[in-house]
Amino acid sequence: MTNLSSQRRLASDILKTGENRVWIDPQRISDVDGAITREEIKKLIYEKVIVSLPEKGVSRSRAKVIREKKRKGRRQGSGSYTGSPRANVTKKEAWMIKIRSLRRKLRELKANRTITEETYTEFYRMAGSGRFESVADLERYLKSKDLWRKR
């Protein structure tokens, strides 16, 4: 096998492509081997002995299939997501989950008569202002302030 690296380099320079995209006709390798000037390489390009291969792009077919499935409502499970937990749940959704669980717990405590109506109202407002991180935090606060109703 003859070394055609200099011819390939000249051809890539003339064709304005990378060296890997320069195709040389295997039947005419002896002609290419003899060509050492830019003019000779240009003549071989004109004769289609040396050709620039088309660019290879990244296939979008897989992405299109996934997008189509998502449009149909598929691929919504937790297994489809990557990234940090905050990346999957928006701040608003996280807040909604937290406040609903806090309010549910407060209603439950009021219904069981564990806390008074006044305490319920006060804590409802505190929860809405973001005082509690979780239901466990709410319970810890109630215990620390000794607001559980005595039996």
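When a residue number appears, it is its place in the shown sequence, counting from 1.
At least one donor-acceptor pair closer than 3.5 Å links the side chain of Q7 to the backbone N or O of A35. Remark: side-chain polar atoms of N112 are not paired, donor with acceptor, to backbone N or O of T114 under 3.5 angstrom. Of the possible polar contacts, one joining the R8 side chain to the V22 backbone as a donor-acceptor pair under 3.5 Å is found.
Transitive grouping of hydrophobic side chains (ILVMFWY, heavy atoms separated by less than 4.5 Å) keeps I24 and I36 in distinct clusters. Using a 4.5 Å cut-off between side-chain heavy atoms of Ile, Leu, Val, Met, Phe, Trp and Tyr, with links allowed through other members, I45 and W23 fall into different hydrophobic clusters.
The environment of I66 atom CD1 is dense: over 12 non-hydrogen atoms of other residues, nucleotides or ligands sit within 6.0 angstrom.
L138 is listed as a side-chain neighbour of L142, based on a closest heavy-atom distance under 4.5 Å. Residues K110 and K105 are not in side-chain contact: their nearest non-hydrogen atoms beyond the backbone lie 4.5 Å or more apart. With contacts defined as side-chain heavy-atom distances shorter than 4.5 Å, the pair I115/L106 qualifies.
Between K43 and E40 no salt bridge is recorded (no basic side-chain N to carboxylate O distance below 4.0 Å). A salt bridge links R28 to E47: at least one charged side-chain nitrogen sits closer than 4.0 Å to a carboxylate oxygen.
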Sequence neighbours left out, cut at 3.5 Å: what donor-acceptor pairs do the side chains of residues 48-59 make with other protein atoms?
{"residue": "S59", "atom": "OG", "partner": "S61", "partner atom": "N", "Å": "3.3"}
{"residue": "S59", "atom": "OG", "partner": "S61", "partner atom": "OG", "Å": "3.0"}

What side-chain donor-acceptor pairs closer than 3.5 Å can you find for residues 90-99, not counting sequence neighbours?
{"residue": "T90", "atom": "OG1", "partner": "E93", "partner atom": "N", "Å": "3.1"}
{"residue": "E93", "atom": "OE1", "partner": "T90", "partner atom": "N", "Å": "3.3"}

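Rounding to the nearest 0.5 Å gives a distance of 14.0 Å between CZ of R62 and CZ of R67. Taken to the nearest 0.5 Å, the CD atom of E139 stands 10.0 Å off from the CG atom of L102. The line from NZ of K69 to CZ of R74 is 9.0 Å long, rounded to the nearest 0.5 Å.
Pairs passing the salt bridge (charged side-chain N to carboxylate O under 4.0 Å, His left out) check and including a residue from residues 11-20, sequence neighbours excluded, read D13-R38.
Taking the six-membered ring for Trp and thresholds of 30 and 60 degrees, F123 and F132 have nearly parallel ring planes, at less than 30 degrees apart.
Contact record, S12 with R9: OG-O, 2.8 Å, taken as the closest heavy-atom pair. In terms of heavy-atom proximity, D31 sits nearest to L44 at O-CD1, 4.1 Å.
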